[in-house]
Amino acid sequence: MLAQFRMPALAITIGAAAAVVPVLSLVAPAQAAAAGHGGNGPTGAHTRALSVSNPVFAGYQANVAAGSATSSAAQYKLPKLSCTSAARAITPVAGVAVNNFATFSAAFVFVGCSSGKAVYFPALVINGTQTHFTTTNLAAGDAIKVSTKVTTTGTTVQVTDVTKAITKKLTGPGASANAAYAGDSDWVTSTNKLLGVPKFGTLTFTHCTVDGKTLASAHPTKIQRVNSSNVVQVATGALSRAGTTFATHFKHS
């Protein structure tokens with residue numbers, strides 16, 4: 001069985017405000033390098049013209065009216081990884097932070113290196129409770145759709161591998177939404193170690209929406225991932241003119 005644990009919250013100062021990043025994780029099988037997902041995104045980052053750094057996320061986040069019906073969706077192709085013996089992973093995700101940023105719901109794919117081999121599998125989170133489909137083997141080049149929908153009465157999360165015609169979907173209790181996000185999130189081990197970033201090249205997110213409208217219309221914050229030495233690990237590109245597409249770029253493990 002998977003065992004749940006909670007990592008200490010990370011506080012990130014943005015101007016005069018602090019953004020709290022509660023990282024929830026699970027212990028997963030050896031196939032996933034004995035790791036768990038922290039894919040709650042940057043939770044709490046303010047929107048508008050800000051561009052900030054974060055230790056666990058690269059992408060875009062938009063705050064929403066507390067308790068509003070909120071959805072986040074995106075599409076991408078799974079990148080080809082250049083793996084060494086080191087365990088590394090990211091989790092391309094579309095998610096919604098909920099309950100005053102205390103937890104989150106999300107849909108993502110594990111994209112990582114375990115024992116020198118690339119590993120890909122879908123996973124879903126409802127209000128912090130995670131389900132990993134580790135026996136569903138996806139592959140580089142597969143076209144993926146991820147979506148999360150949250151209302152106060154129900155939550156729906158879904159990952160679809162369009163290439164393989166595989167869909168994983170869960171529904172559960174509702175929550176009070178606070179923010180929607182899309183990008184590359186993190187993965188931590190059972191000993192609370194945050195894994196480094198695999199060499200994934202460029203990962204392009206397309207068809208990105210918040211509440212069915214363009215991501216740009218939600219005035220999101222652009223966020224890059226940095227390590228403890230402030231070295232950029234994953235750089236986030238600009239939103240396209242249409243406001244629905246952006247790329248993330250590997251910079252450092």
Side-chain angles (χ1 to χ4, degrees), residues 10 12 14 19 21-24 37-47 50-64 70-79 81 88-98 101 104-112 120 122-125 144-148 157 159 177-188 194-198 200-211 214-227 232-240 243-252:
L10 302 174
I12 302 168
I14 306 173
V21 184
V23 182
L24 296 175
H37 180 55
N40 55 315
T43 65
H46 284 225
T47 58
L50 295 178
S51 181
V52 298
S53 296
N54 189 280
V56 297
F57 181 82
Y60 284 85
Q61 175 173 295
N63 284 2
V64 300
T70 298
S71 65
S72 176
Q75 299 181 31
Y76 53 83
K77 288 186 177 181
L78 294 176
L81 303 181
R88 308 189 194 281
I90 56 171
T91 51
V93 62
V96 176
V98 302
F101 297 102
F104 63 100
S105 293
F108 66 93
V109 175
F110 175 93
V111 175
Y120 308 85
L124 301 169
V125 186
I144 303 295
K145 294 182 178 180
V146 287
S147 64
T148 297
V157 287
V159 175
N178 299 108
Y181 56 90
D184 299 329
S185 197
D186 65 322
W187 193 269
V188 296
L194 175 65
L195 291 188
V197 178
F200 65 87
T202 294
L203 197 163
T204 301
F205 290 82
T206 66
H207 301 81
C208 299
T209 60
V210 173
D211 299 338
T214 67
L215 175 59
S217 69
H219 307 290
T221 302
K222 183 170 75 171
I223 301 166
Q224 64 180 356
R225 175 170 167 172
V226 301
N227 63 18
V232 176
Q233 294 177 292
V234 182
T236 302
L239 276 169
S240 65
T244 60
T245 299
F246 69 92
T248 56
H249 308 278
F250 170 81
K251 294 295 183 182
H252 194 277

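Scope of the values below: all heavy atoms of this structure, side chains included, with no hydrogens, waters or symmetry mates.
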Partner set under side chain to side chain donor-acceptor pair (under 3.5 Å) for Gln75, not counting sequence neighbours: none
Taking the side chain as C-beta and beyond, is there a heavy-atom pair between [X] and [Y] under 4.5 Å?
| X | Y | value |
| --- | --- | --- |
| Asp211 | Thr70 | yes |
| Val159 | Ile144 | yes |
| Pro79 | Val111 | yes |
| Ile90 | Pro198 | yes |
| Lys222 | Leu239 | no |

What pair of heavy atoms forms the shortest contact from [X] to [Y], and how long is it?
| X | Y | answer |
| --- | --- | --- |
| His252 | Asn227 | ND1-ND2, 4.2 Å |
| His249 | Thr202 | ND1-OG1, 3.0 Å |
| Tyr181 | Ala106 | OH-CB, 4.0 Å |
| Thr214 | Thr244 | CG2-CG2, 3.6 Å |
| Gln61 | Ile223 | CB-CD1, 4.2 Å |
| Pro220 | Leu215 | CD-O, 3.3 Å |

Is there a donor-acceptor pair under 3.5 Å between the side chain of [X] and the backbone N or O of [Y]?
| X | Y | value |
| --- | --- | --- |
| Ser72 | Val96 | no |
| Tyr60 | Ala216 | no |
| Thr206 | Thr245 | no |
| Ser185 | Thr91 | no |

Residue from Phe108, Phe205, Tyr120, Phe200 passing ring-ring contact (aromatic ring centres under 6.0 Å, His included) with Tyr76: Phe205
CA sep, side-chain torsions, deciding dist, call: Thr236, Gln224, side chain to side chain donor-acceptor pair (under 3.5 Å): CA-CA 5 Å; Thr236 302; Gln224 64 180 356; over 6 Å; no
Spatial distance of atom CG (Asp184) from atom OG1 (Thr248) [nearest 0.5 Å]: 3.5 Å
